[in-house]
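This chain uses plain numbering: 1 for the first residue, then up along the sequence.
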Amino acid sequence: MVAFAGEERFSRRKHHKDSRSCAVAAAYCLSEAGITLADVDDIAIAFNPAWPTPSNICMDAELIAELLAPALFGHHRPRQVTVVEHHLAHAASAFHPSGFDEAAVLVVDGSGDGVSATLAHGTADGLKVLRQFPFSQSLGWFYETVAEHLGLGNWTSSGKLMGLAGYGNPDRYTLAVLTARAGGSSRRS
C-alpha cells in the first residue's frame with residue numbers, strides 16, 4: 001500500500017457528511033503514488049448505488065463525477081467503477097492487512113447495502129461470507145437509538161458514547177443502581 005486517506009480528513013467533517021465525494025483523498029493518494037487518475041485500471045466503491053438491485057459495476061456518469069470531481073484530475077472521467085459489497089469492503093480492509101493467514105471476520109455497523117452484520121472466514125484465498133444479518137436486525141441502529149436517547153445527538157454524533165466510555169469508572173455504580181429493589185428504591189454505592 002502506498003497511501004490511504006479518508007475524505008473527512010481533508011473536509012474536516014465527520015463521515016464527510018452530506019457528500020459522497022472522495023476526490024480530494026483520491027487526489028492525495030494518487031499524488032503520493034506519483035500517478036494520475038488516467039493511470040488507474042480500476043476504481044472500486046464500497047456501496048451499491050443501485051441497491052436493492054444487485055450490481056457489480058456503476059456507469060452513472062453523474063455519480064462518478066460526484067465521487068471523483070473531474071476538475072481535480074485533469075478533467076479525466078472514468079466510464080465506470082466497480083461496486084464492492086459494503087460489508088465485504090469492511091471485512092477486506094480488516095483482514096488483508098492484519099497479517100493473519102486465517103481469521104474469523106465480523107463486521108457490524110448500522111447498515112450497508114441492506115446488511116447490518118456479516119460473519120466471514122478469511123484465508124489466503126480470500127473472504128467467504130458465512131452469515132449476514134439484514135438491516136432490520138441492526139445492532140448499530142440500536143446503539144444509535146440509545147446514544148440519541150442519552151442526548152448524544154443523531155447518527156453522526158453517536159460515536160461520542162464510545163469515546164466517553166474510556167473515561168468511565170466501572171466501580172462507581174453497583175448492580176443495585178441498575179435494578180429496582182422491592183418498594184421501587186435503589187441504592188447508590
Side-chain angles (χ1 to χ4, degrees), residues 1-9 13-22 25-26 29 33 40-60 63-64 66-68 78-150 152-166 168 170 178:
M1 185 176 305
V2 175
F4 175 85
E7 193 73 11
E8 69 181 12
R9 300 298 174 228
R13 291 189 328 264
K14 187 171 184 163
H15 303 298
H16 194 58
K17 189 176 188 238
D18 301 325
S19 175
R20 294 187 289 189
S21 174
C22 58
C29 292
V40 176
D41 293 331
D42 196 10
I43 298 165
I45 57 175
F47 68 97
N48 178 3
W51 186 84
T53 303
S55 178
N56 294 325
I57 62 165
C58 171
M59 298 178 71
D60 181 337
L63 174 60
I64 294 169
E66 179 185 347
L67 294 168
L68 298 165
R79 288 196 322 258
Q80 70 181 39
V81 294
T82 299
V83 173
V84 176
E85 180 192 334
H86 183 78
H87 278 226
L88 185 59
H90 276 306
S93 71
F95 174 69
H96 291 300
S98 74
F100 290 106
D101 295 330
E102 181 177 18
V105 183
L106 178 64
V107 176
V108 180
D109 67 5
S111 175
D113 295 340
V115 176
S116 68
T118 298
L119 178 61
H121 180 213
T123 66
D125 294 329
L127 288 158
K128 178 181 177 189
V129 173
L130 302 175
R131 183 146 185 215
Q132 291 188 311
F133 296 87
F135 69 91
S136 60
Q137 298 175 4
S138 174
L139 290 174
W141 285 0
F142 173 74
Y143 172 83
E144 176 188 327
T145 300
V146 170
E148 190 169 346
H149 178 74
L150 292 172
L152 296 172
N154 62 15
W155 71 272
T156 63
S157 302
S158 58
K160 290 177 186 175
L161 183 59
M162 283 189 275
L164 293 171
L178 302 175

Checklist outcome for this item: Rounding to 0.5 Å, atoms SG (Cys22) and CD (Glu8) come to a distance of 13.0 Å
Item to check | Donor-acceptor contact below 3.5 Å, side chain Ser116 vs main chain Gly110 | outcome: no
Checklist entry - How would you list, by chain and number, every residue that makes a side-chain contact (heavy atoms from CB on, under 4.5 Å) with Ser21, sequence neighbours excluded? => result Glu7, His16, Ser19, Ala23
Checklist entry - Can you name the nearest heavy-atom pair linking Ile64 to Gln80, along with the distance? => result CD1-CA, 3.7 Å
Item to check | Contacts of type salt bridge (Lys or Arg N to Asp or Glu O under 4.0 Å), residue Glu66, not counting sequence neighbours | outcome: Arg20
Checklist entry - Do other residues, nucleotides or ligands put more than 12 heavy atoms under 6.0 Å from Arg9 CZ? => result no
Item to check | Atom of Ile45, atom of Cys58 and distance for their closest heavy-atom approach | outcome: CD1-CB, 4.5 Å
Checklist entry - Which ring pair (Phe, Tyr, Trp, His ring centres under 6.0 Å) pairs, counting each pair once, include a residue from residues 88-107, with sequence neighbours left out? => result His86-His90
Checklist entry - What residues, two or more places apart in sequence or in another chain, satisfy side-chain contact (heavy atoms from CB on, under 4.5 Å) together with Thr145? => result none
Next on the checklist: Restricting to side-chain hydrogen bond (donor to acceptor under 3.5 Å, both in side chains), what partner residues turn up for Thr82, sequence neighbours left out?
Outcome noted: Asp42
Checklist entry - Pairs in or reaching into residues 45-60: which pass side-chain hydrogen bond (donor to acceptor under 3.5 Å, both in side chains), with residues at least two apart or in two chains? => result none
Checklist entry - side-chain contact (heavy atoms from CB on, under 4.5 Å) with Ile43: which residues, sequence neighbours excluded? => result Leu37, Val40, Leu68, Pro78, Val81
Checklist entry - What pairs meet the side-chain hydrogen bond (donor to acceptor under 3.5 Å, both in side chains) rule with one or both residues in residues 125-136, with sequence neighbours excluded? => result Glu85-Gln132, Thr118-Gln132
